[in-house]
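Here the structure is laid out as structure tokens; the discussion comes afterwards.
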Amino acid sequence: MKKRAIISVSNKKGIVTFAKQLAELGVEIISTGGTKRVLAEHGIPVTSISDVTNFPEILDGRVKTLHPNIHGGLLAVRDDETHQQQLKAHDITPIDFVVVNLYPFQETIAKPNVTLMEAIEQIDIGGPTMLRAAAKNHTYVTAVVDPADYDVVIEQLKQYGEVLFETRRALAAKVFRHTAAYDAMIAQYLTNVIGETYPETMTMTFVKKQSLRYGENPHQTAAFYERPLSSPFSIAAAKQLHGKELSYNNINDANAALQIVAEFTEPAAVAVKHMNPCGVGVGETIAEAFQKAYEADPTSIFGGIVALNREVDEQTAAKLHDIFLEIVIAPSFTEQALAMLTKKKNIRLLTVDFQSERKQEPFFVSVRGGLLVQDEDIYTINDANIQVVTERQPTEEEWANLTFAWRVVKHVKSNAIVLAKDGMTIGVGAGQMNRVGAAKIAIEQAGGNANGAVLASDAFFPMSDTVEVAAQAGVTAIIQPGGSIRDEDSIQKANEYGIAMVFTGVRHFKH
């Protein structure tokens, strides 16, 4: 019996060549609407879907393939005698191939100012139904949703006279991934439209960006997936100009660096190691900002990731060139800077769209057997309920350093303490089990430079010991959330040493 194929595609890439090859192999082609018109224009014999269903396309094309003559031909079990008798009784001919890709829903909702009705009109009904039917019955039917698979189908038809079962099963799995992702995108869009933040089921889809050589450690496998329609200001959307592929740890560290540097509007540079900042600096120029970030911890920056929020010029590139760095992220690089940095084979250079609007996105953390979801922490110093709780007010210079340090400590693993001075970090205490321990690490790193510095804490002081340690090191001002039942102890201790202390009312735990 002559084989039959339904072809109805939104993405027409390669479809003319593919359909022509099918026709040359004796496959009868059935098609609809615009696809039928394109194939006919290229001289490919094509049968209208209406000639198969004996029913016209209606409702502006909303109903055309939802018919027993189509789905009976797709779902019949070929070696089931009862099924075959029913096909014969109703004059239904089996269909062997479904070549369909779906209405461009994602592309539609990505357009600015798209209306709800415009989006809804791009919800495909017949396409997913045919694909699912063909994929379910893949023992007999080949379902093709991706133009990248056209060649393998033709090659196997030419070589074996059929598409091999293993290939049909693989294509079926791809169909169900595709339709699941399509439905997830629709579900997510409509859930956002009605303003539901945490629905009873969390439906998401991600698109594979690249395979990774390994995960966090060499014995772990890994891959990098991108969330469709996410912010252009992301590592997933970054453009790589130079260097080998990013690793799992590179991506994590680069993401951390990018989130920190986004806190600043003035020229800023951030150096990250193991997802914690080892140096952050601001300055009049990006070169000055990077010099401060480097001087903050010239040991830890070795092999680190650097993010800058201004174009990398030749002066800055010369500084970057002098040390070993894994990655440099910036809005752009001058030609001279690029020429200088690309001489280093192993450095990765990334550009990110710093001008794009930063919308709040959900933040996901996987746990064994589940998923934690929360809002991004986009709370800024401008949102804080600032209170000076000590007898002494911060000086103008201290205020500048306090707000700088507060923006940095937000991104340091808890328990976190950051010491800052002259628009740069001079000590970072990260990920400690108690706050005074984090303060001691930051102070030890700062050394004598802690004298006259300010201190930022990501959470309140449970007792006055952190203030005592800071005072002994010469810290002159502290910014912290407040809210401990023993806040008064810390305030009194600060007053005892003449330290200015500011409460923000907001905690910034980062686990």
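Contact of the I301 side chain with the L325 side chain is registered, since non-hydrogen atoms from C-beta on lie closer than 4.5 Å. Inter-residue side-chain proximity for R213 and S247 is flagged as met; some heavy-atom pair is nearer than 4.5 Å. In this structure, the side chains of R392 and I499 stay at 4.5 Å or more apart for every pair of heavy atoms. Side-chain contact check for V412 versus P277: some heavy-atom pair is nearer than 4.5 Å. Side-chain contact between L258 and I235 is present, with at least one heavy-atom pair separated by less than 4.5 Å. Taking the side chain as every heavy atom from C-beta outward, V388 and W399 approach each other to under 4.5 Å. Counting heavy atoms from C-beta on, the side chains of L229 and Q106 come closer than 4.5 Å. Using a 4.5 Å heavy-atom cutoff, the side chains of I327 and L350 are in contact.
Residues passing the side chain to side chain contact (heavy atoms under 4.5 Å, CB included) test with N401 are E397, V454, sequence neighbours excluded. Applying the side chain to side chain donor-acceptor pair (under 3.5 Å) criterion to E326, with sequence neighbours excluded, gives R348.
Judged by distance alone, the side chains of N101 and S10 never bring a donor and an acceptor atom under 3.5 Å apart. Counting only N and O atoms by type, the side chains of D377 and H508 include a donor and acceptor under 3.5 Å apart. A donor-acceptor contact under 3.5 angstrom links the side chains of E118 and T115, judged on distance only. If you check the side chains of N249 and E216, you find no donor sitting under 3.5 Å from an acceptor. For the residue pair T334 / E314, no side-chain donor-acceptor distance below 3.5 Å is found, with atom types taken as modelled. For the residue pair K208 and S211, a side-chain donor N or O sits within less than 3.5 Å of a side-chain acceptor on the partner. If you check the side chains of N449 and K421, you find a donor sitting under 3.5 Å from an acceptor. S332 and E311 share a donor-acceptor pair across their side chains, judged by distance under 3.5 Å alone. For the 3.5 Å distance criterion, the side chains of E121 and Y103 fail to qualify, holding no donor opposite an acceptor.
Between K111 and E107, no side-chain nitrogen of the basic residue sits less than 4.0 Å from a carboxylate oxygen of the acidic one, so the salt-bridge criterion is not met. Between R435 and D465, no side-chain nitrogen of the basic residue sits less than 4.0 Å from a carboxylate oxygen of the acidic one, so the salt-bridge criterion is not met. For the pair K493 and E496, the salt-bridge criterion is met [side-chain N within less than 4.0 Å of a carboxylate O]. With salt bridges taken as basic N to acidic carboxylate O contacts below 4.0 Å, one links D146 and K174.
Partner of N309 under the side-chain contact (heavy atoms from CB on, under 4.5 Å) criterion, chosen from I286, V282, V270: I286.
Side-chain atoms of K273 come within 3.5 Å of backbone atoms of S300 as a donor-acceptor pair (strictly under, hydrogens ignored). Remark: side-chain polar atoms of K410 are paired, donor with acceptor, to backbone N or O of Y379 under 3.5 angstrom.
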Residue pair E295, K319: steps toward the salt bridge (charged side-chain N to carboxylate O under 4.0 Å, His left out) verdict: CA-CA 12 Å; E295 290 175 359; K319 296 176 181 292; over 6 Å; no
May I have the step-by-step check of side chain to side chain contact (heavy atoms under 4.5 Å, CB included) for R227 and F206, ending in yes or no? CA-CA 5 Å; R227 190 176 182 210; F206 295 84; 3.5 Å; yes
Residue pair N415, V436: steps toward the side chain to side chain contact (heavy atoms under 4.5 Å, CB included) verdict: CA-CA 9 Å; N415 285 317; V436 72; over 6 Å; no
Start with the C-alpha gap between L190 and L116, add the side-chain angles, then the distance that decides, and say whether side chain to side chain contact (heavy atoms under 4.5 Å, CB included) holds. CA-CA 9 Å; L190 292 177; L116 176 59; 4.0 Å; yes
Test side chain to side chain contact (heavy atoms under 4.5 Å, CB included) on I15 and K12; report intermediate values, then the result. CA-CA 5 Å; I15 196 61; K12 295 180 172 54; 3.8 Å; yes
Checking side-chain hydrogen bond (donor to acceptor under 3.5 Å, both in side chains) for the pair Q472/Y497: CA distance, chi angles, key distance, verdict? CA-CA 9 Å; Q472 295 297 329; Y497 285 100; 3.0 Å; yes
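For the salt bridge (charged side-chain N to carboxylate O under 4.0 Å, His left out) condition, the pairs that include at least one residue of residues 478-489, sequence neighbours left out, are R486-D489.
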